[in-house]
Amino acid sequence: MAGTDENGACIVGWAHTPFGRLEDAPDAEALIGRVARAAIEDAGIAPGDVDAVYLGHFNGGFQKQDFPSSLVLQSLPELRFKPATRLENACATGSAAIHGAKDFLAAGRGRFTLVIGVEKMTAIPGAQVGDVLLGCAYRKEEGEIPAGFAGVFARIAEAYFQRHGDQSDALAAIAAKNHRNGVDNPYAQMRKDLGYEFCRTESERNPIVAGPLKRTDCSLVSDGAAALVLTDAETAATLGKAIQFRAAVQVNDLMPISARDVIRFEGAREAWRRAYEVAGIGVSDLSFAEVHDCFTIAELIDYEAMGLVPEGQGARAVLEGMVAKNGRLPVNASGGLKSKGHPIGATGVSMHVLSAMQLAGEAGGMQVPGATIGGVFNMGGAAVANYVSILERLR
């Protein structure tokens, strides 16, 4: 039915670690422990009230410990004998966990679910990190692309430039915007306003990584965790705060970039279209958006996929100030993955936490004044697994 998400799920509590190279957190288990109880306490419920746990964790070789679903029991023994499930969908792993939790509630199997997204990426060498991330690409065709996943998005950027012209100014403006916004995010890995000129200029401190992409065009290797408590709308109405899903849509596309017009992000376009239809709104109704800027070219194409500007005109959105914090549609007021960091399994959950904070008026220096409806776009791979949520404050 247009205008409401059929599951009626609401976010009623959350927690978030800082993102970055967290030397004091040796593994994913330690990070899980930092957010699990904190999110439950934020919701104002007891640990024993949680009926199921959904954990988003990509891993893929970042750590030898796999099968992490029950690790939360080490810090929350009250959850012993409750169902706990790990989900993975590349860089959209956190959103996959949220969808699993929503489905549990929709099936009437319980009242409260705990969703955790987590990743410990920095314990292995950088070259190994790059190879792990290539597991999110189609290795049969893309496994030998130089510079790993950055090389995949460099090819996307080159194809976009060939069709629509050099967008280097726009990419630098996106990086500068997100680093400027990240200064106000207490969880961000890099809280420094780098400025447009630094982001635009190739230098020893900002070298080319692949194709037209410089270091400032690429998200950071990070450790971190985030958590949410979800419940049904009726229960949420009795609690201190409630952020409702007006829509939650998943669209998967073909994996090989050779099999599709990759610079159009067709799966993302379809996910946004379906989400708007379910929520009964359009892009003009959004107060802000958190979108997946694993690379600046991704955010540029996101502007087009969400319908903010026509195809091929993504540069206008940033160069004309539409997506600035005080613009028509603030995008990544949190600093995005570019500034905040991108611990793979935690990213989708983090995006929902930060959006819920905006809608609850709890975003501090990140706050978009008068925010009422937020859009979240989290993707796995090169626009392969595409998740769009439309969130609104219920109370």
Asker: Cation over ring, Lys102 on Phe245, under 6.0 Å and within 45°?
Answerer: yes
Asker: Is there a side-chain contact between His352 and Ser95, using heavy atoms and a 4.5 Å cut-off?
Answerer: yes
Asker: Check whether Glu304 reaches the backbone of Gly314 with its side chain - one donor and one acceptor, N or O, closer than 3.5 Å.
Answerer: yes
Asker: Can you name the closest pair of heavy atoms from Lys325 and Asp184 and give their distance?
Answerer: NZ-OD2, 3.9 Å
Asker: Please check if any side-chain donor atom of Ser339 sits under 3.5 Å from a side-chain acceptor atom of Asn178, or the reverse.
Answerer: no
Asker: For residues Met190 and Leu194, report the shortest heavy-atom separation together with the two atoms involved.
Answerer: SD-CD1, 4.2 Å
Asker: What's the verdict on side-chain contact (heavy atoms from CB on, under 4.5 Å) for Glu158 and Arg163, showing C-alpha distance, side-chain angles and the deciding distance?
Answerer: CA-CA 9 Å; Glu158 288 167 343; Arg163 188 177 302 178; over 6 Å; no
Asker: Is the backbone N or O of Ala28 less than 3.5 Å from a side-chain atom of Gln63, with the two atoms forming a donor-acceptor pair by type?
Answerer: yes
Asker: Can you tell me if Arg155 has over 12 outside heavy atoms packed within less than 6.0 Å of its CZ?
Answerer: no
Asker: Would you kindly confirm whether Met351 and Phe377 end up in one hydrophobic cluster when ILVMFWY residues are joined by side chain heavy atoms under 4.5 Å apart?
Answerer: no
Asker: Does Ala383 offer a backbone N or O that forms a donor-acceptor pair with the side chain of Asn386 under 3.5 Å?
Answerer: yes
Asker: Looking at Pro212 and Ala154, what are the two nearest heavy atoms and their distance?
Answerer: CD-O, 4.0 Å
Asker: Can you run down the salt bridge (Lys or Arg N to Asp or Glu O under 4.0 Å) pairs that involve residues 191-200, sequence neighbours left out, and say none if there aren't any?
Answerer: Asp169-Arg200
Asker: Hey, could you give me the OG/CD1 distance between Ser355 and Ile243, rounded to the nearest 0.5 Å?
Answerer: 10.0 Å
Asker: Side chain of Arg260, backbone of Val262: donor and acceptor closer than 3.5 Å?
Answerer: no
Asker: Which pair of heavy atoms, one from Ala242 and one from Ala236, lies closest together, and at what distance?
Answerer: CB-CB, 3.7 Å
Asker: Give me the atom names and distance for the closest heavy-atom approach of Leu87 to Ala97.
Answerer: CD1-CA, 4.0 Å
Asker: Examine distances only and state if a side-chain atom of Asp223 and a backbone atom of Thr122 form a donor-acceptor pair shorter than 3.5 Å.
Answerer: yes
Asker: Out of curiosity, does Met379 fall in the hydrophobic cluster containing Leu391 (side-chain heavy atoms, cut-off under 4.5 Å, transitive links)?
Answerer: no
Asker: Is a donor on one side and an acceptor on the other found under 3.5 Å between the side chain of Arg328 and the backbone of Met322?
Answerer: no
Asker: If the condition is ring-ring contact (aromatic ring centres under 6.0 Å, His included), which residues does Tyr160 pass it with, not counting sequence neighbours?
Answerer: His164
Asker: As a quick check of understanding, evaluate side-chain contact (heavy atoms from CB on, under 4.5 Å) for Leu133 and Ile344, giving each step before the final call.
Answerer: CA-CA 9 Å; Leu133 292 178; Ile344 306 299; 3.8 Å; yes
Asker: Does any N or O in the side chain of Arg246 come within less than 3.5 Å of the main-chain N or O of Val278, such that one atom is a donor and the other an acceptor?
Answerer: no
Asker: For Thr372 and Ser287, test the side chains for any donor-to-acceptor distance below 3.5 angstrom and give the result as yes or no.
Answerer: yes
Asker: Give, for atom CG of Leu300 and atom CZ of Arg316, the distance between the pair rounded to the nearest 0.5 Å.
Answerer: 12.0 Å
Asker: Do Leu308 and Val388 belong to the same hydrophobic cluster, where Ile, Leu, Val, Met, Phe, Trp and Tyr are linked whenever their side-chain heavy atoms lie under 4.5 Å apart, directly or via other members?
Answerer: yes
Asker: If you measure from the Lys or Arg side-chain nitrogens to the Asp or Glu carboxylate oxygens, is any gap between Arg274 and Glu277 under 4.0 Å?
Answerer: no
Asker: Counting only heavy atoms not in Arg139 (residues, nucleotides, ligands), do more than 12 fall under 6.0 Å from its CZ?
Answerer: yes
Asker: Please list, one pair per line, the donor and acceptor atoms closer than 3.5 Å that link side chains of residues 104-111 to other protein atoms, with sequence neighbours excluded.
Answerer:
none

Asker: With a 4.5 Å cut-off on side-chain heavy-atom distances among I, L, V, M, F, W and Y, is there a chain of contacts connecting Val384 to Leu134?
Answerer: no
Asker: Strictly by ring pair (Phe, Tyr, Trp, His ring centres under 6.0 Å), give each pair with a member in residues 35-68 just once, sequence neighbours left out.
Answerer: none
Asker: Do any N or O atoms from the side chain of Gln313 and from the backbone of Val309 form a donor-acceptor pair under 3.5 angstrom?
Answerer: no
Asker: Got a donor-acceptor contact below 3.5 angstrom from the Asp232 side chain to the Thr235 backbone?
Answerer: yes
Asker: Just checking, any donor-acceptor pair under 3.5 angstrom between side chains of Ser222 and Gln189?
Answerer: yes
Asker: Does anything in residues 173-183 form a salt bridge (Lys or Arg N to Asp or Glu O under 4.0 Å)? List the pairs, not counting sequence neighbours.
Answerer: Lys177-Glu299
Asker: Would you mind listing the cluster partners of Val12? Hydrophobic ones only (ILVMFWY), side-chain contacts under 4.5 Å, chaining allowed.
Answerer: Leu22, Leu31, Ile32, Val35, Ile40, Ile45, Val50, Val53, Leu55, Leu71, Val72, Leu73, Leu76, Leu79, Phe112, Leu114, Ile116, Val118, Val229, Leu239
Asker: Would Tyr387 and Asn89 count as having a side-chain donor-acceptor pair, cut-off 3.5 Å?
Answerer: yes
Asker: Applying side-chain hydrogen bond (donor to acceptor under 3.5 Å, both in side chains) as the test, list every pair that has at least one member in residues 33-50; sequence neighbours left out.
Answerer: Asp24-Arg34, Arg37-Glu78, Asp42-Lys241
Asker: Under the salt bridge (Lys or Arg N to Asp or Glu O under 4.0 Å) definition, can you give me all pairs with a residue in residues 202-220, not counting sequence neighbours?
Answerer: none
Asker: Between Asp293 and Leu337, is there a donor-acceptor pair closer than 3.5 Å when you use the side chain of the first and the backbone of the second?
Answerer: yes
Asker: Phe161 and side-chain contact (heavy atoms from CB on, under 4.5 Å): which single residue from Ile156, Ile263, Leu171 fits?
Answerer: Leu171
Asker: Sequence neighbours excluded, which residues qualify as side-chain contact (heavy atoms from CB on, under 4.5 Å) partners of Pro369?
Answerer: none
Asker: Would you say the side-chain atoms of Ser203 and Asn206 include a donor-acceptor pair closer than 3.5 Å?
Answerer: no
Asker: With a 3.5 Å cut-off and no angle check, do the side chains of Ser334 and Asn185 form a donor-acceptor pair?
Answerer: no
Asker: Would you indicate whether the side-chain heavy atoms of Gln244 and Arg393 approach each other to under 4.5 Å?
Answerer: no
Asker: For Ser258, which residues count as a side-chain contact (heavy atoms from CB on, under 4.5 Å) partner, sequence neighbours excluded?
Answerer: Glu141, Pro256
Asker: Would you say the side chains of Gln358 and Gln367 form a donor-acceptor pair under 3.5 Å?
Answerer: yes
Asker: Evaluate the side-chain contact (heavy atoms from CB on, under 4.5 Å) criterion for residues Glu266 and Asp261: first the C-alpha distance (whole Å), next the side-chain angles of each, then the deciding distance (0.1 Å), finally the verdict.
Answerer: CA-CA 7 Å; Glu266 293 160 296; Asp261 188 357; 3.9 Å; yes
Asker: Starting from Val318, can I reach Leu329 by hopping between I/L/V/M/F/W/Y residues whose side chains sit under 4.5 Å apart?
Answerer: yes
Asker: Which atoms form the tightest heavy-atom contact between Met255 and Glu142, and what is the distance?
Answerer: O-OE2, 4.1 Å
Asker: Which residue pairs pass the side-chain hydrogen bond (donor to acceptor under 3.5 Å, both in side chains) test when at least one of the two sits in residues 8-17, sequence neighbours left out?
Answerer: His16-Ser350
Asker: Which pairs with one or both residues in residues 291-339 pass ring pair (Phe, Tyr, Trp, His ring centres under 6.0 Å), sequence neighbours excluded?
Answerer: Phe153-Phe295, His292-His342
Asker: Check the pair Glu29 / Gln65 against side-chain contact (heavy atoms from CB on, under 4.5 Å), numbers first and verdict last.
Answerer: CA-CA 9 Å; Glu29 181 182 334; Gln65 175 63 61; over 6 Å; no
